[in-house]
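Take a look at the structure below.
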Amino acid sequence: MPVPVILITDALIFLLIAVGIVFGLYAARHEHLRGPWRQVGRSPVAVAALVVMLFYVGIGVLDSLHFHPRIEPLAEVGSPAATVNEADAVTGPDGKTTPDEQGTDASGSQRSAEQAQEITQAKDTISAAEPGASAPTYSTQIISVLDLLLSGLRERQEKTFSAPFATHLFVKEAIEQPDGSVVRAYPRLEHGGAHLEDPSQRSFDLLFRGLFGAIKGLMVWTAIMAGLIALLGWRRRQSFNDTATALWRGETAVPWRVVLITLAIMLVLSFTAAELGAKYHILGTDKVGEDVFYQSLKSIRTGLVIGTLTTLVMLPAAILLGIMAGYLGGRTDDVIQYLYTTLNSIPGVLLIAAAILMLQVYMTNNADQFESLVERADLRLLFLCIILGVTSWTGLCRLLRGESLKLREVDYVQAARALGVRHSTVIARHILPNVLHIVMITVVLDFSGLVLAEAVLSYVNIGVDPTMNSWGNMINSARLELARDPIVWWSLAAAFLFMFTLVLAANLLADVVRDAFDPRLRSAS
């Protein structure tokens, strides 16, 4: 059985996290990297942006742990024979279920092929779930841990549009009254605000649930703050009160006060949204009645995968070819320059569109190789990351080539080459550490651009699969909704809010990293 594509994507995500941890340990051992990272860690703007990004990464990681849910055996409900008899029972004209031993319904007509197939599947499931079976039964559906945690949002589907925190549908329908008359009105939602006997109580209920969620968030934040203060006091060998006073006065090297304030805001918003989302659609529903808040949370993984996996594909080629072109020179430099110059001459959008269309034809002709739509969507996402990585490494390669041309002429590199040190050793010990600041600056600056690129590509239908949750697909689906009267604005606003927060945090962190790692700015300061 081939490995599902979605598991390959998940493995690449965790591989990139491991690479980041290894790079952090590498940076802690080298003084020329340790100093800039300390400067980043002491910046209030950087740590606040990092806390926000960690929330996004946490949601993306939870959505990257996929599994097949286990099917509970039917034998626990009743005996196999009783269950089969229930499956063989048919519904009579009076609406009651009656047994049918001859294989015909109550009116004497033969069963349809669909009924016979359902009964056969029920019997097969019962036989597979009998006690003593060799292996448990799992569903073919693929869900993530985030789907499991948000099962209430995922399963509570309305009929069509509904506004944020609404108790009625957004469009009027014909409703039959008890006296038999038909009027056009806004029907009540099946799930949103269904716990309210009187819809006029919504304002008080929203206020009460919002305050309750905020209190729970503050309680969790207080526990985290107390643990952090105790840990810092233990490391500094200070009392709890002295450490708390120093922290709130901003007298610590790391701006823990900013970290705690940002964490408090994120926790209060998270618990308030969880409390309100349990009974309402806090960002409304779309055309088919799906919760927009759930779609926005599911889109986080898509944006992070685009930004991180594309970086994973881009970095090896850019670093290797850029350093080789600048350090070795000669024919190697000519070949690499010709390669990225030719690649830059091809319009990126046309190359991505051609690759995605060819992949779509392959998936259509080989539909039997994919067990579910989730795997098809993840293969397209992985292929999009590869194409974006292939088309976006040239800029970093040019920068590294120019820096390597300068570094190969410095005295210590010339001395190492005169002593017969191998080229690979010179590159690893002298060239690569001195160009990592360019790599870091480029990576953090390109991340937000890649997240926005996914939205643009999905908007023109050459991005991720239309069945996959992404901010680009949300914006694309909201395009026609803006032409309605009244306007359905919440899908576009939700995608904009989540994408704006992530990109803003990434850009703020990128500015601080650029200022810390740029040698000219460091020398000027």
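Just so it is clear, the structure is predicted and the values come from calculations on it, not from any experiment.
The closest side-chain donor-acceptor pair between Arg301 and Ser64 falls under 3.5 angstrom. There is no side-chain donor-acceptor pair under 3.5 Å between Asn469 and Ser299. Between the side chains of Asn507 and Ser448, a donor-acceptor pair is found at a separation under 3.5 Å. The closest side-chain donor-acceptor pair between Asn473 and Ser470 falls under 3.5 angstrom. Residues Gln360 and Thr364 bring no donor and acceptor atom of their side chains to less than 3.5 Å of each other. Donor-acceptor pairing under 3.5 Å is recorded for the side chains of Ser144 and Asp63.
Counting only heavy atoms from C-beta outward, the side chains of Ile336 and Cys397 approach each other to under 4.5 Å.
The environment of CG in Leu269 is crowded: more than 12 heavy-atom neighbours from other residues, nucleotides or ligands sit within 6.0 Å.
Aromatic pair His281/Phe293: centroids not less than 6.0 angstrom apart.
Judged purely by atom type and a 3.5 angstrom limit, Ser43 has no side-chain atom pairing as donor or acceptor with the backbone of Val512.
Annotation: the span from Trp471 atom CH2 to Ile300 atom CD1 amounts to 5.5 Å, rounded to 0.5 Å.
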Practice problem: Show your working on salt bridge (charged side-chain N to carboxylate O under 4.0 Å, His left out) between Arg154 and Asp291 and close with a plain yes or no. | Solution: CA-CA 7 Å; Arg154 182 168 59 95; Asp291 192 272; over 6 Å; no
Practice problem: For side-chain contact (heavy atoms from CB on, under 4.5 Å), just list the numbers for Thr262 and Leu50, CA-CA rounded to whole Å, side-chain angles, deciding distance to a tenth of an Å, and then say yes or no. | Solution: CA-CA 10 Å; Thr262 308; Leu50 191 59; over 6 Å; no
Exercise. For side-chain contact (heavy atoms from CB on, under 4.5 Å), just list the numbers for Ile323 and Leu328, CA-CA rounded to whole Å, side-chain angles, deciding distance to a tenth of an Å, and then say yes or no.
Key: CA-CA 8 Å; Ile323 293 178; Leu328 298 178; over 6 Å; no
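The aromatic rings of His423 and Tyr327 sit perpendicular, their planes meeting at an angle over 60°, well past the 30° parallel limit.
Taking the side-chain hydrogen bond (donor to acceptor under 3.5 Å, both in side chains) definition, one finds that Asp333 meets it with Gln337, Arg401, sequence neighbours left out.
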